[in-house]
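A quick write-up on the structure given underneath.
Worth knowing before you read on, the calculation uses all heavy atoms, side chains too, and leaves out hydrogens, waters and symmetry mates. Chain letters run A, B, ... following the sequence lines, proteins first, then strands; residues in each count from 1.
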Amino acid sequence: MERVRVATWNVNSVKQRVPRLLPWLDQRQPDVVCLQETKLADDAFTTLLGDALEERGYEFALFGETQWNGVAILSRVGLDDVAVGVAGAPGFPHIEARAVAATCGGVRVHSLYVPNGREPESDHYKYKLEWLAALRDVLEAGPSDALVCGDINIAPTDADLFDPEAYIGQTHVTEPERAALQAIKALGFHDVVRDRWPTERIFSYWDYRAGMFHRDLGMRIDLILASGSVAPRAKAAWIDRHARKGTGPSDHAPVIVDLDEAPDGDIGPVVPPPSSPGSKKKVKLPQAK
DNA sequence: ATGGCTATATTCTATAGA
């Protein structure tokens, strides 16, 4: 098989993002795309994008809702054994559209929108942790060739935050959340972007407000985790910061990994690192809550 | 600047996001 490009993108309403999504597909030519926060029911998604995706050679699997959440997988390298939801995971209170999985080009691909958590110790925070524990069990029982993609809503380390002090006591950084992520990594999953850019300033989310993107004040919460069998095939892995620029962007940027067939473990040519403008300047930081 | 922006559904306002 040729090189396979897999991407994940929290689009923050696929309806609002059509003018960004379709040109991005044409430019980046991903073979598999995991989408989150589509915020659209499945029939409305198909009406909106079915023809445009079919023209581009994509099949798609959907798990959407009318208003919130919503995930999808687009694939032009096969889309088999589609499963929606996370077996054993709780709802809030109803089951939310936060997970869809499919086998694409021989790899089990998961498109995930992990619950936000809102405030530590809240019911939503407990829901997040229980949901992540159930996800871990599903991954443990699943195929060994797997990619866990999506808006994980956890900053793996303080290096994934523009200002760790601003996040003390907030969700996305608490020890139980990081432990839940670590429990997944302990199954053999590798954070391919951080592994490729171990010391770079790389974020995937920037708040819409206060010029946060312009000042590069963000968080890295959108991840691609590759199983031990797949990670050595990663020849490039990066965050597509360009997609956060310009008119009408999502507040998240896509994450992309290129997989080669060759299982030699060599990390070959890669794209240049994203620029980090202003990182040496004194910046005025927004108040923590 | 204590949610500052953007999205949702609904409407003269609330909820969600991270």
Which nucleotide in dA16(B), dC5(B), dA18(B) has an atom nearest any side-chain atom of R118(A): dA16(B)
Going from CG on N153(A) to CD on Q36(A), what distance comes out if it is rounded to the nearest 0.5 angstrom? 10.0 Å
Scan residues 38-48 of chain A for pairs that pass side-chain hydrogen bond (donor to acceptor under 3.5 Å, both in side chains), counting only residues two or more places apart or in two chains. N12(A)-K39(A)
Rounded to whole angstrom, note down the P distance from dT2(B) over to dC12(B). 28 Å
Here's a test of your reading of the structure: between G248(A) and M219(A), which maps to the more 5' nucleotide of DNA chain B? G248(A)
Can you list the residues that meet the ring-ring contact (aromatic ring centres under 6.0 Å, His included) rule with F189(A), with sequence neighbours excluded? none
Are R178(A) and D160(A) close enough, and set up right, to give a salt bridge (charged side-chain N to carboxylate O under 4.0 Å, His left out), and what steps lead you there? CA-CA 12 Å; R178(A) 286 175 169 170; D160(A) 301 302; over 6 Å; no
Whole-Å distance between dA16(B) P and D251(A) CG? 17 Å
Pick base, sugar-phosphate or nothing for Y113(A), based on heavy-atom distances below 4.0 Å to the nucleic acid. sugar-phosphate
Side chain to side chain contact (heavy atoms under 4.5 Å, CB included) involving E96(A) - partner list, sequence neighbours excluded: E65(A), N69(A), F92(A), H94(A), R98(A), Y127(A)
Mind checking the P distance from dA18(B) to dT8(B)? Whole angstroms is fine. 14 Å
Whole-Å distance, H172(A) NE2 to dA16(B) P, equals 15 Å
Please give, in whole Å, the distance from dA7(B) P to N69(A) CG? 17 Å
Name all pairs fulfilling the salt bridge (Lys or Arg N to Asp or Glu O under 4.0 Å) condition that reach into residues 127-139 of chain A, sequence neighbours left out, sorted by first residue then second. K128(A)-E177(A), R136(A)-E140(A)
Whole Å only: how far is the CG atom of N116(A) from the C1' atom of dG17(B)? 6 Å
Using the C1' atom as the reference point in each nucleotide, state the distance between dT15(B) and dG3(B) in Å, no decimals. 12 Å
For D81(A), all residues meeting salt bridge (charged side-chain N to carboxylate O under 4.0 Å, His left out), sequence neighbours excluded: none
Those residues at least two apart in sequence (or on a different chain) that pass salt bridge (charged side-chain N to carboxylate O under 4.0 Å, His left out) with D145(A) are none
Please measure how far the P atom in dG4(B) lies from the corresponding atom in dT10(B), and state the result in whole Å. 24 Å
Show every ring-ring contact (aromatic ring centres under 6.0 Å, His included) that has at least one partner inside residues 26-83 of chain A, sequence neighbours left out. F45(A)-F60(A)
To the nearest angstrom, the CZ-P distance between R209(A) and dC5(B) comes to 8 Å
Classify the nucleic acid contact of R17(A) as base, sugar-phosphate or nothing, counting any heavy atom under 4.0 Å across all strands shown. sugar-phosphate
Decide, yes or no, whether a salt bridge links D31(A) with R5(A) under the criterion of side-chain N to carboxylate O below 4.0 Å. no
Provide, to the nearest angstrom, the distance between the CG atom belonging to N12(A) and the C1' atom belonging to dT15(B). 14 Å
In this structure, which stretches of DNA chain B are paired as stems of three or more consecutive Watson-Crick or G-U pairs, both distances less than 3.5 Å? B:5-9 with B:13-17
Gap between atoms CD and P, on E119(A) and dG17(B) respectively (whole Å): 11 Å
Below 3.5 Å is the cut-off: list the nitrogen or oxygen pairs between protein and nucleotides 8-12 of chain B, distance only.
unit_1	atom_1	unit_2	atom_2	d
dT8(B)	OP1	S13(A)	OG	2.8
dT8(B)	OP2	Q16(A)	NE2	3.3

Write down the distance between NE2 (H252(A)) and C1' (dC5(B)), rounded to a whole number of angstrom. 13 Å
